[in-house]
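Heads up: the structure comes next, in structure tokens.
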Amino acid sequence: MITKEYFKKLYLDKFQSMHGKEIAEATPMDQYLTLGAVIRDFISRKWIASNNAYAKMDDKETYYFSLEFLLGKLMDANLLKLHLKEICAEALTELGIQLDQIEALEPDAGLGNGGLGRLAACFLDSLAALQLPGHGCGIRYKYGFFEQKIVDGYQVELPDNWLKYGNVWEIRKADKAVEVRFGGNVRLDRVDGRTLFIHENFDPVLAVPYDTPIVGYRNNTVNTLRLWSAETTMKDFDFSTFNRGDYLNAVKYKYEVESISQVLYPDDNHLEGRVLRLKQQYFFVSAGIQSIVRRYKKRHIHLRDFHKKVAIHINDTHPVLAIPELMRILIDEEEMGWDEAWEITTGTISYTNHTILPEALEKWPIDIFQTLLPRIYMIVHEINERFCRQLWEKYPGDWNKIRSMAILSDGYVHMAHLAAVGSNSINGVAKIHTEILKSQVMSNFYDSYPHKFNNKTNGITPRRWLLKSNPQLSRLISDTIGPDWLYDSRKLQLLVDYVRDSAFQDRIHGIKQHNKALLTAFIKDKYQISIDPDSIFDIQVKRIHAYKRQILNVLHIMDLYNRLLENPNLEIHPRTFIFGGKAAPSYYMAKQTIKLINTVAAVINQDTRIHGKLKVIFLENYNVSLGEKIFPAADVSEQISTASKEASGTGNMKFMMNGAITIGTLDGANIEIKEEVGEDNIVIFGLTADQVLKYYQEGGYNAWDLYHEDGRLKMVLDQLINGFLPVGPDEFRGIYEGFLYHNDEYFVLKDFSSYVEAHNKINRLYQDKEKWVQMSIHNIAHSGKFSSDKTISEYARDIWNIHPVPIPNNPLF
Ligand code: 26W
């Protein structure tokens with residue numbers, strides 16, 4: 001262990017060498033950058049040791065390809081993992097520096113939209129914690145997910161310039177840059193009886209990697225997240241290649257190249273279909289595969305065993321061009337025959353599906369695809385030909401079936417079909433989701449390749465979502481059952497023995513109240529709104545989307561408000577409803593949902609007639625760091641998607657791990673949460689997935705019937721358009737009409753009454769403090785099943801076939 005004095009010396013030396021001035025003159029940003037550099041030195045030694053160990057061993061490594069990695073802040077997390085947090089805090093205090101104040105200066109690495117991106121970050125954390133050789137590959141966006149401001153109740157988007165002050169964690173590896181080629185044409189040539197495919201007249205783009213260390217939890221493993229940045233190759237950006245004086249075109253060219261890694265698309269579960277997005281996809285996939293192949297070839301002469309040493313996982317279909325790109329390299333550059341190349345490629349690639357929403361399934365117009373990626377298109381075409389021939393043998397004459405499964409059909413390239421055909425494993429992210437894939441969305445593929453399908457229920461890392469975000473609860477757990485739960489989350493189950501222990505209950509309650517007080521202070525400070533820390537904190541934070549049904553939550557709040565106005569003595573425990581989440585900038589209904597929440601909040605929060613029994617807060621700019629403040633303070637977790645639509649959800653797991661009680665539908669991982677905690681420790685309502693799917697298939701639902709039958713429901717719906725809310729008469733007409741004139745696609749009205757009932761049950765349960773705390777303990781105790789460590793060990797065992805590689809301790813530290 002290093003000492004406080006030693007840490008201080010490291011810090012002061014680093015400060016001087018970096019800033020060349022006295023510590024007394026340090027700005028907070030100087031202090032932050034210095035500490036980052038000190039921590040990086042600790043990490044570097046382990047990083048080198050890990051890379052050496054991986055280079056020496058002859059076992060398999062995994063590469064997790066993802067268009068998104070939503071890491072959040074890294075400083076505190078890295079200090080915890082390196083076991084340096086206490087020493088560092090003490091050393092800095094003696095230098096007059098508050099660790100938490102400088103940590104707050106770190107921008108969130110917000111290179112993701114939501115569930116899929118955060119899952120990738122949790123998976124990297126678990127790979128390193130489990131000492132598994134697994135790395136990430138993605139794009140180093142200059143601008144991450146936009147910053148959300150609320151102006152007059154509406155969402156306004158601002159650019160997220162997260163690299164403004166540099167990034168202390170990344171290392172630019174200019175010597176490892178590779179070239180990625182777009183456009184041009186393919187010329188066929190024949191040499192020695194072989195057909196050569198010569199890609200010419202292409203636009204070259206230089207892909208430059210930036211490596212970020214992914215630190216293991218108190219082991220010596222440091223894996224790598226490699227993010228690619230698009231630049232012009234110097235030789236191609238030689239101004240003389242443009243006509244002399246054609247300065248403007250030269251600048252335009254540079255701008256166009258760099259635009260590839262400029263910004264993260266803020267799409268979530270909805271494809272906008274911009275060609276730049278397809279460029280992004282091929283850009284990082286090609287760069288990633290080239291660098292993996294290059295590394296492989298340092299140790300092996302031939303690529304015939306590539307799939308035995310390399311697993312590439314594609315996070316949804318966004319990186320699916322990994323399949324034709326690997327084929328291209330094997331065939332065109334390594335001169336392999338098609339069949340061998342295909343065996344290696346399919347042996348290498350595995351695929352996770354994260355959504356069944358039809359509008360999220362990626363497809364690209366063939367003409368756009370072919371123009372941008374002519375050689376890749378030829379390979380996709382050949383894969384499709386061969387696949388359709390097999391289908392023809394299996395289903396002779398069944399053109400409808402073949403068309404529904406083809407990779408190229410109706411003028412589009414269907415990315416999920418390519419993923420299914422070109423991979424060795426297809427997994428869903430919760431039991432019900434995998435079942436729906438097998439029985440509905442991909443049932444034809446399931447018939448052809450039953451062996452490829454498997455489930456891997458999502459998970460979250462307990463290091464960030466408990467240890468880092470809820471230090472008091474973490475300490476209590478370690479004091480009660482020992483610290484092993486951090487290595488083996490199933491150990492959390494030992495807490496079940498303390499469910500009836502009143503001293504333990506008191507401490508759990510005390511910690512929840514403490515965390516609620518912190519959030520209360522944050523809200524007061526930021527919004528000048530006072531909330532009651534003894535009220536029930538009922539929270540829905542996630543992307544704003546019709547299928548997630550934030551509006552169902554709002555309609556219930558309006559109903560509760562109406563009931564309070566009708567009967568000021570109504571027996572309810574005071575409630576604080578908290579929302580957070582971003583709407584895609586082009587998603588009108590989602591943006592109107594935000595306006596609705598803020599409008600209802602403004603009405604309710606200023607109404608003194610209800611004696612503060614109800615408050616509604618919309619927290620601006622929900623991101624990883626805000627989540628870390630929110631989950632520990634929640635009493636109730638809102639997981640109310642239309643059954644069948646939420647593939648898994650992972651926010652549900654974060655709330656559970658921090659002791660919140662779920663109110664939810666039988667959707668995604670909620671079902672498995674219920675299985676773990678038992679039905680007494682969760683509040684379930686609403687249609688089941690089978691019922692929803694049956695309505696979609698057979699009809700039989702009429703929203704108007706409910707409107708006419710349920711007076712309370714009619715009242716809140718009418719309030720959307722009758723002047724009850726202080727907005728123009730048509731502000732929320734779109735929402736109203738969606739329910740009544742478009743027959744309530746997401747069954748909000750259908751589930752309304754059972755949702756109200758479920759909330760009444762929550763209210764009753766909360767009256768019994770002891771019972772409530774017991775439920776809370778059950779949730780924490782059973783959350784181990786949702787550790788991403790468990791999920792990742794299953795991926796490692798069932799899909800990737802990779803094994804832990806212990807990294808020797810570096811004697812220097
Ligand atoms: C092409 C536009 C687009 C962008 C993002 C389509 C689809 C996506 C993601 C796959 C959407 C997403 O994040 N899905 C979420 O994935 C989580 C991790 O598996 C699940 O927990 C969520 O239920 C699922 O909605």
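In listed order, ligands and their atoms are each counted from 1. Here the structure is a predicted model, which means the values were calculated and not measured.
Some N or O of H354 is nearer than 3.5 Å to an N or O of ligand 1, by distance alone. The shortest N/O to N/O separation between S648 and ligand 1 falls below 3.5 Å. Geometrically, ligand 1 and N458 share a nitrogen or oxygen pair separated by less than 3.5 Å.
For the pair K452 and Y449, the cation-pi criterion (under 6.0 Å, within 45° of the ring axis) is fulfilled.
Note: H759 and Y755 have perpendicular aromatic rings, judged against thresholds of 30 and 60 degrees for the angle between ring planes. Taking the six-membered ring where the residue is Trp, H313 and Y64 present parallel rings, their angle staying beneath 30° rather than reaching 60°.
Looking from atom 20 (C) of ligand 1 to the surrounding protein, the closest heavy atom is G649 N, 3.7 Å. Of all protein heavy atoms, the one closest to atom 4 (C) of ligand 1 is D267 O, 3.3 Å. Of all protein heavy atoms, the one closest to atom 2 (C) of ligand 1 is H270 O, 3.3 Å. In terms of protein heavy-atom proximity, atom 22 (C) of ligand 1 is nearest to E646 OE1, 3.3 Å. Remark: minimum distance from atom 3 (C) of ligand 1 to any protein heavy atom is reached at N269 N, 3.6 Å.
Look at D268 and you'll find a heavy atom under 4.0 Å from some atom of ligand 1.
The proximity of H433 to ligand 1, defined as any non-hydrogen pair under 4.0 Å, does not occur for either the backbone or the side chain. Residue-level proximity to ligand 1 for E272 is absent, since no heavy atom of it falls below 4.0 angstrom. With a heavy-atom cut-off of 4.0 Å, D316 touches ligand 1 through its side chain alone. If you look at L116 next to ligand 1, the close heavy atoms, those under 4.0 Å, come from the backbone and the side chain alike.
Taking every non-hydrogen atom of V429 and a distance limit under 4.0 Å, the qualifying atoms of ligand 1 come out as 19 (O). Applying the 4.0 Å criterion to heavy atoms of Y547 picks out, from ligand 1, the atoms 25 (O). The ligand atoms of ligand 1 that sit less than 4.0 angstrom from a heavy atom of A647 are 23 (O). The contact set between ligand 1 and L271, taken as ligand atoms under 4.0 Å from a residue heavy atom, comprises 1 (C), 2 (C).
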> Would T434 and I426 count as a side chain to side chain contact (heavy atoms under 4.5 Å, CB included) if you check the C-alpha gap in whole Å, the side-chain angles of each, and the deciding distance to 0.1 Å?
Replying inline: CA-CA 9 Å; T434 301; I426 304 167; over 6 Å; no
> Would Y795 and F123 satisfy ring pair (Phe, Tyr, Trp, His ring centres under 6.0 Å), going step by step from the backbone distance to the final call?
Replying inline: CA-CA 10 Å; Y795 275 91; F123 280 3; 5.3 Å; yes
> Do Y446 and F453 pass the ring pair (Phe, Tyr, Trp, His ring centres under 6.0 Å) test, and can you show the C-alpha distance, the side-chain angles, and the key distance before you say yes or no?
Replying inline: CA-CA 7 Å; Y446 181 59; F453 282 77; 5.3 Å; yes
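Counting heavy atoms only, R277 comes closest to atom 1 (C) of ligand 1 of the residues H545, R277, R543, K363.
Using a cut-off of 4.0 Å between Lys/Arg side-chain N and Asp/Glu carboxylate O, E672 and K674 are scored as not salt-bridged.
T355 places none of its side-chain heavy atoms less than 4.5 Å from the side chain of H433.
Within a 6.0 Å sphere centred on CZ of R490, other residues, nucleotides and ligands contribute more than 12 heavy atoms. In the displayed structure, E679 atom CD is contacted under 6.0 Å by at most 12 heavy atoms of other residues, nucleotides or ligands.
The ring-ring contact (aromatic ring centres under 6.0 Å, His included) contacts involving residues 637-658 comprise F631-F655, where partners must be two or more places apart or lie in separate chains.
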